[in-house]
Undergrad: 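So that we are looking at the same thing, I have put the structure below in structure tokens.
These numbers come from the heavy atoms of this one structure, side chains and all, not from hydrogens, waters or symmetry mates.
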Amino acid sequence: MALLTRLRPFERGETPLPSATDSSLTIHALKDKGDEPEVLAFLAERYRQTFFMAGLIRDNGFESPLNRGTFYACRDAQGRLVGVALIGHFTLVETQSEEALAAFARCAKAHPFADVIAGDPESVERFWHHYAPAGRAADLASRKLLFELREPAAAGEAVPGLRRATLAELPQVMEAQALMLYEEKGVNPLASDPDGFRQRCARRIEQGRVWVWFRRGRLIFKADVMAETPETVYLEGVYVSPEARGKGFGRRCVAQLGRHFAARTRSLCLLVNEQNKRAHAFYEKSGFSLTGYYEALYLQRSH
């Protein structure tokens, strides 16, 4: 017989989750801080696929508006953890169980704020199979390459001024980040969402997650630590000012960051758009290796 999955009551008028079809599985929203060690250990088994979820849990816990979604756990009949998912603006799923994947897909269909499913291509394709109506094609939002640095470069020419940004440098950080987004997506957040963009950049600086290098008063290099776990540090927003590109400054800064984090994590990783061949060459010259792929699909609804 079917077993109703055990979920917290949905907020803001959300509808209950449909029943699971596998009576051996239960799904529940993660709330208890005591569950964090088990969940983080589960996610660490495939850290290349789960660094974003693990980073959010370490930063914000299970319940926080900053997660922009709800964390769920799936357990088998013996109570063993077989899957973890974040269902929300970005939907991320980690499981090797097809039944758990199907249950998470039903959860996403019942969640009015689920917009995008992201992850390794195989998992995304399997999720879509359970999520979408039969025969409906998915819209590919983006495809990215996962680059990883496992062996930091030997000590080379140091960058003495490479450090964490301060709030006084928020305008320069925002300008650099906005330029990157415009170059990559054609979107200028300074025009489309100036207040939200400012808040996100400021919070990242306050967390000590933005690294910068200034030369003669100009911002030459910037990188954001989006997630940090014992297994990997995930970088995003790596920026080199246009006038300084091709001079080796970016490689020196990235290499120094790799050496800095090597003492407390296994690797440094980042995602690069599949079409950005210049960035591929940059990271390969910096010692990174291509270790995987990521895809993102829009979860469009018919209503």
Side-chain angles (χ1 to χ4, degrees), residues 42-56 68-69 83-98 100-102 104-105 108 114-132 136-152 180-181 183-187 223-229 231-239 250-251 254 257-258 261 265-300:
F42 179 86
L43 295 176
E45 293 178 8
R46 296 208 316 150
Y47 68 89
R48 293 184 183 92
Q49 288 75 31
T50 64
F51 55 77
F52 192 70
M53 279 196 287
L56 286 176
R68 302 185 71 183
V84 175
L86 173 64
I87 309 292
H89 173 63
F90 278 98
T91 293
L92 306 165
V93 177
E94 172 56 20
T95 182
Q96 298 301 300
S97 163
E98 199 68 25
L101 195 69
F104 285 140
D115 296 322
V116 180
I117 170 68
D120 67 272
E122 180 182 356
S123 296
V124 169
E125 181 179 1
R126 288 166 52 217
F127 180 93
W128 184 260
H129 171 76
H130 294 291
Y131 176 87
R136 179 177 169 186
D139 293 323
L140 181 62
S142 65
R143 183 180 176 92
K144 294 188 177 183
L145 279 58
L146 176 66
F147 283 89
E148 185 176 19
L149 180 68
R150 296 294 299 273
E151 298 290 338
M180 289 185 61
L181 291 172
E183 290 178 342
E184 181 176 337
K185 300 179 180 180
V187 175
D224 299 0
V225 175
M226 298 301 293
E228 183 174 352
T229 75
E231 293 74 37
T232 193
V233 166
Y234 170 57
L235 291 183
E236 200 170 86
V238 178
Y239 164 87
R251 287 199 300 275
V254 168
L257 284 178
F261 287 111
T265 193
R266 188 183 304 175
S267 71
L268 208 62
C269 68
L270 44 82
L271 293 170
V272 183
N273 279 347
E274 186 178 35
Q275 305 303 321
N276 194 342
K277 305 299 182 183
R278 180 174 179 175
H280 301 173
F282 170 80
Y283 290 115
E284 287 170 352
K285 290 179 182 177
S286 300
F288 286 74
S289 299
L290 176 63
T291 56
Y293 296 85
Y294 266 69
E295 286 185 350
L297 300 180
Y298 288 115
L299 305 185
Q300 296 182 347

Undergrad: Rounded at 0.5 Å granularity, tell me how far CG in Asp115 sits from CD1 in Ile87.
TA: 12.0 Å
Undergrad: Could you go through the side-chain contact (heavy atoms from CB on, under 4.5 Å) check for Val124 and Tyr294 one step at a time?
TA: CA-CA 9 Å; Val124 169; Tyr294 266 69; over 6 Å; no
Undergrad: Checking side-chain contact (heavy atoms from CB on, under 4.5 Å) for the pair Ser289/Glu148: CA distance, chi angles, key distance, verdict?
TA: CA-CA 5 Å; Ser289 299; Glu148 185 176 19; 5.8 Å; no
Undergrad: Is atom CD of Glu183 surrounded by more than 12 heavy atoms (other residues, nucleotides or ligands) closer than 6.0 Å?
TA: yes
Undergrad: Determine whether more than 12 heavy atoms belonging to other residues, nucleotides or ligands lie under 6.0 Å from atom NE2 of His89.
TA: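 It does: His89 NE2 has more than 12 such atoms within range.
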Undergrad: Tell me if a side-chain donor or acceptor on Thr95 pairs with a main-chain N or O of Ser97 at a distance below 3.5 Å.
TA: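 Confirmed, Thr95 side chain pairs with Ser97 backbone.
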Undergrad: To the closest 0.5 Å, what do you measure between CD (Gln275) and CZ (Arg143)?
TA: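 The distance works out to 10.0 Å.
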Undergrad: Hey, what do you get for CG (Asn276) to CD (Glu184), rounding to the nearest 0.5 Å?
TA: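 The CD atom of Glu184 is 7.5 Å from CG of Asn276, to the nearest 0.5 Å.
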Undergrad: So, for Leu43 and Met53, which heavy atoms are closest and what is the spacing to 0.1 Å?
TA: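 Closest approach of Leu43 to Met53, heavy atoms only: CD2-CE, 3.9 Å.
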Undergrad: Provide the closest heavy-atom pair for Thr229 versus Gly55 in the form atom of the first, atom of the second, distance.
TA: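 Nearest heavy atoms, Thr229 then Gly55: CG2-N, 4.2 Å.
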Undergrad: Nearest heavy-atom pair of Val238 and Ala223: which atoms, and what distance?
TA: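 The pair with the smallest heavy-atom distance is CG2-CB, 4.1 Å.
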Undergrad: Any side-chain heavy atom of His280 within less than 4.5 Å of one from Val272?
TA: yes
Undergrad: On a heavy-atom basis, which atom in Leu257 and which in Leu268 lie closest, and how many Å separate them?
TA: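 Closest heavy-atom pair between Leu257 and Leu268: C-CD2, 4.5 Å.
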Undergrad: Calculate, to the nearest 0.5 Å, the distance between atoms CZ and CG belonging to Phe261 and Leu149 respectively.
TA: 12.0 Å
Undergrad: What are the two closest non-hydrogen atoms of Arg46 and Thr50, and how far apart are they?
TA: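 Scanning both residues, the minimum pair turns out to be O-OG1, 3.1 Å.
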Undergrad: In terms of relative ring orientation, are Tyr131 and Phe127 parallel, tilted or perpendicular, with 30° and 60° separating the classes?
TA: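 Geometry flag for Phe127 against Tyr131: parallel rings.
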Undergrad: If every non-hydrogen atom of Val93 is compared with every non-hydrogen atom of Ile117, which pair is closest and at what distance?
TA: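 Shortest heavy-atom contact: CG2-CD1, 4.4 Å.
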Undergrad: In a check of side-chain contact (heavy atoms from CB on, under 4.5 Å) between Cys269 and each of Tyr47, Phe51, Phe147, which one passes?
TA: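 Testing each of Tyr47, Phe51, Phe147 against Cys269, the sole residue satisfying side-chain contact (heavy atoms from CB on, under 4.5 Å) is Phe51.
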Undergrad: Apply side-chain contact (heavy atoms from CB on, under 4.5 Å) to the pair Phe90 and Leu86, showing each step before the final yes or no.
TA: CA-CA 7 Å; Phe90 278 98; Leu86 173 64; 5.6 Å; no
Undergrad: Side-chain donor-acceptor pair under 3.5 Å between Tyr293 and Glu295, yes or no?
TA: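 Short answer, no.
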Undergrad: For Glu98, which residues count as a salt bridge (Lys or Arg N to Asp or Glu O under 4.0 Å) partner, sequence neighbours excluded?
TA: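 Residues passing salt bridge (Lys or Arg N to Asp or Glu O under 4.0 Å) with Glu98: Arg126.
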Undergrad: Where do Arg266 and Thr232 land on the side-chain contact (heavy atoms from CB on, under 4.5 Å) test, with the steps shown first?
TA: CA-CA 5 Å; Arg266 188 183 304 175; Thr232 193; 6.0 Å; no
Undergrad: Nearest 0.5 Å, what's the CE-CG distance between Met226 and Leu271?
TA: 11.0 Å
Undergrad: Tell me, do Leu290 and Leu146 make a side-chain contact under 4.5 Å, heavy atoms counted?
TA: no
Undergrad: Look up atom CG in Leu92 and atom CZ in Phe104, then write down how far apart they are to the nearest 0.5 Å.
TA: 11.5 Å
